[in-house]
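See structure below.
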Amino acid sequence: MTMDARADRRVALVIGNSEYREIPALKNPDKDAEDVSKTFRLAGFEVFTGKDLTRLQFEEQFRDYLAAADGADLAVVYYSGHGFQIGGENFLIPVDASLKDPADMEVQAIKVNDVLQQLRSKSKIQVIILDACRNNPFPRKDYWLRDQMIVAGGTGLAQVTGSQNTLIAFATEPGAVAYDGSGDLSPFSSAFSRRALAPNQEIRSIMAAVRRDVVKATNGKQVPWENSSLIDDVVLMRGANTEARQVIAPSDGQQQQGLTERGIRIATAAKAIEDHDISVPVGVGPVPLKLGLAASDASIILKLANYPATGTLSLPDRVLSPQSDLMAAEVNDLRYEPQIGAAAPVEIGFQIGGGGTSKRATMKLSPSVDPCDQAAGEPLDLQGVVPGRLPNEIGGGAVEACAAAVDTYPDVARFHYELGRALLAAGKVDEARQAIQDAADKGHVRAVFQLGYIASSGLGTAMDTTKANGFYSKASDKGDPYAMAAWGRALFNGIGVQRDTGKGLDLLLQAAAMGHVNAMTDLAMIFKEGRNSVPADPARALAFLKAGIERQNVYSMSILGLAGRSTQTVAVCKPKIVRKIVTKIKVVRIPTPTVFGTPVKPIQNDTGPVPWRGTDGDHPEPKGGSSNSTSGSDSGSTSGSDTGSTGGLDTGSTGGFDSVSTGF
């Protein structure tokens, strides 16, 4: 979306994890999340709320939130649940985490720094609020972190240093424990909800008041803490726009004279509102509802009696909250923006009144996904609005659908990129490259990665690894998981750039944390064999393969399937029993399909987007490329032509699979 369409945008993600599966449940977080969500909603935020999220559910919810936060003025994450530190790194714990094995922290928990990095790449100001400083309830205390085994911190969270214009708040001071309290809400969440709605209060003043309340409620045992590098003021609850609600009081004679006419106007306005069932496209910014009401009496006021359950209702000059009211003349300027990932219809209820007469009216809005998104949206696109399709799932009508979307919404960069994908699938390389360049110029990050792929593979142009790495680095800095994996792979293996094993490993881990399954496969091979001074650990490799299987990644399945044919022990995941058994199996490669041929799986005209499978790339082996080429001495990496971020036809993670050791 364009920045103009998202001006003054404030988005919050609120998570409460109570019902843990492997450890005792927590009493408050679910209720904390519900209460805090209402608080942000009343303050005019678009709010994404998640309760009792598994790791996969968190990934999906977080991606939708990031798409909504793209270009936001203020992005907030509020988390209540279990969290603890390892080696100075803070982790949030999903409800399905077991954390029994050393590698489990990497594949089961969420690193706070990864969340913060994504917010920095999306928004002007970032606020993270953590009511997550409870005791570590898991029996294991040592876990893998990058290239070391680290012992988990005893209690509480570690202090976090944010970048400019960031505030990170903790329910208690670093290394200390927060309390559940005796009520339905934790002392911290209760104080925050109460204080956050003070009109026109800057957030640092709010947090100071929260600190005083919590210290008093816990008799000094819990002291909330925050790190701030804010250079702009952040006001959560803005004062009411009184000018918009002023009504000129008529004289007694005027009031009596206009009463009947006003009643007719109110009834007419109510009927016009109720006659509307409007389809509103997702992901194109606030959409004018164009109600066309004739009511213009200055004494008629419409109060929001039922705010939409999801999405944002606004006027050109302000975002409306559930407590807003507006003049009749403003109704025709109403705009609605559906929440990404929420497909259910919503209702807006108005109480229309004036001169002693009042009537209730309800309008229905139905979010709709543009046919271009359905036909050519891409998996793991953090500026996308759908789970996405692989290239062999892009049907013949995609070019027409996306061309129409570009014509209708020329400023929405995503449609230019999806048009490029559709053109690639149709074999129109030159037109595709131009559409992708247009998308990149308009700020679409995945398009920047795609330009890198084009440069590395030589699609219709000379192969240029150095140029490709420049695109990968740029898109990686913007948080794109494809680019993180490609740039991380290049750095780790020294492909077209000086080798930096540590940074490359970090980027691959960050990409995997965002659900990039091929990054998981790369990491599995690195940890299985031990590469570039990273120690081998078959159990750690197995953890990443299992994570890939949870996301239905075909390569993770095939690797463990090959292992299973060597010995039954491997198939039931008991790696230590067969550690000394090494069996080489020659894999006969099936010829790679033609890049831009007829799609293997045409788009279904009536089903919409296919369910997300977790696969994160979409490029087949480029024409003229060698599927067996490797880089230097590293048998697990691809050549300078990076294909490791490809999806169902991915060949870039398979460099080490020609001769697979099944000694897991």
Side-chain angles (χ1 to χ4, degrees), residues 283-284 369-381 383-464 467-468 471 475 480 482-483 592-605 609-610 615-625 641-643 645-650:
V284 298
V369 176
D370 190 276
C372 177
D373 289 315
Q374 293 180 354
E378 185 164 36
L380 265 68
D381 183 353
Q383 292 167 294
V385 300
V386 292
R389 292 183 180 273
L390 302 178
N392 60 315
E393 296 169 331
I394 297 176
V399 172
E400 290 76 13
C402 290
V406 168
D407 287 341
T408 305
Y409 306 103
D411 293 329
V412 178
R414 179 181 78 254
F415 290 139
H416 291 267
Y417 177 61
E418 290 172 356
L419 175 59
R421 292 194 77 221
L423 289 166
L424 278 178
K428 300 178 180 180
V429 177
D430 291 338
E431 294 176 56
R433 188 165 59 247
Q434 183 58 57
I436 292 166
Q437 183 65 63
D438 291 343
D441 292 341
K442 291 179 179 294
H444 197 74
V445 178
R446 178 58 57 77
V448 177
F449 160 82
Q450 185 75 283
L451 292 174
Y453 171 74
I454 290 172
S456 72
S457 60
L459 285 175
T461 185
M463 185 181 296
D464 190 334
K467 183 178 180 180
F471 285 122
D480 183 73
Y482 281 28
T592 305
T594 302
V595 182
F596 303 118
T598 302
V600 176
K601 182 180 177 183
I603 185 172
Q604 300 296 315
N605 293 327
V610 296
T615 187
D616 54 303
D618 70 346
H619 309 299
E621 182 71 16
K623 290 181 180 179
S641 175
D642 187 294
T643 56
S645 296
T646 64
L649 301 175
D650 185 296

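For the numbers below, each heavy atom of this structure counts, side chains included, while hydrogens, waters and symmetry mates do not. Everything numeric in this text was worked out from a predicted model, so none of it was measured.
Note that NZ of Lys442 is 5.5 Å distant from CG of Asp411, once rounded to the nearest 0.5 Å. Put simply, CG on Leu380 and CG on Asp480 are 8.5 Å apart, with the number rounded to the nearest 0.5 Å. Within the model, atoms CG of Asp464 and CZ of Phe471 stand 9.0 Å from one another, a figure rounded to the nearest 0.5 Å. From His444, atom NE2 reaches atom CG of Asp438 across 13.0 Å, with rounding to the nearest 0.5 Å. To the nearest 0.5 Å, atoms CZ (Arg421) and CZ (Arg414) are separated by 13.0 Å. Taken from CD in Gln434 to CG in Leu423, the straight-line distance is 11.0 Å, to the nearest 0.5 Å.
Of the possible polar contacts, none joining the Arg389 side chain to the Gly395 backbone as a donor-acceptor pair under 3.5 Å is found. The backbone N or O of Ala405 sits nowhere less than 3.5 Å from a side-chain atom of Thr408 that would complete a donor-acceptor pair.
Taking both residues in full, the closest heavy atoms of Arg446 and Pro379 are given as NH1-O, 3.1 Å, listed atom of the first, atom of the second, then distance. Summarising the geometry of Cys402 relative to Leu419, their closest heavy-atom pair is CB-CA, 3.6 Å, with the distance given to 0.1 Å. Taking each heavy atom of Ala483 and Ala475 in turn, the nearest pair found is CB-CB, 3.4 Å. Between Val386 and Gly377 the shortest heavy-atom distance is CG2-CA, 4.0 Å. Pairing each heavy atom of Leu451 with each of Ala440, the nearest pair is CD1-CB, 3.8 Å. When every heavy atom of Val399 is checked against every heavy atom of Ala426, the shortest pair comes out as CG2-CB, 4.2 Å.
Under the 3.5 Å distance criterion, with hydrogens and angles disregarded, a donor-acceptor pair is assigned to the side chains of Gln437 and Asp441. Gln383 and Tyr417 share no donor-acceptor pair across their side chains, judged by distance under 3.5 Å alone.
Contact of the Leu424 side chain with the Gln450 side chain is registered, since non-hydrogen atoms from C-beta on lie closer than 4.5 Å. Residues Asp370 and Val284 have side chains not in contact (no heavy-atom distance under 4.5 Å, counting atoms from C-beta outward).
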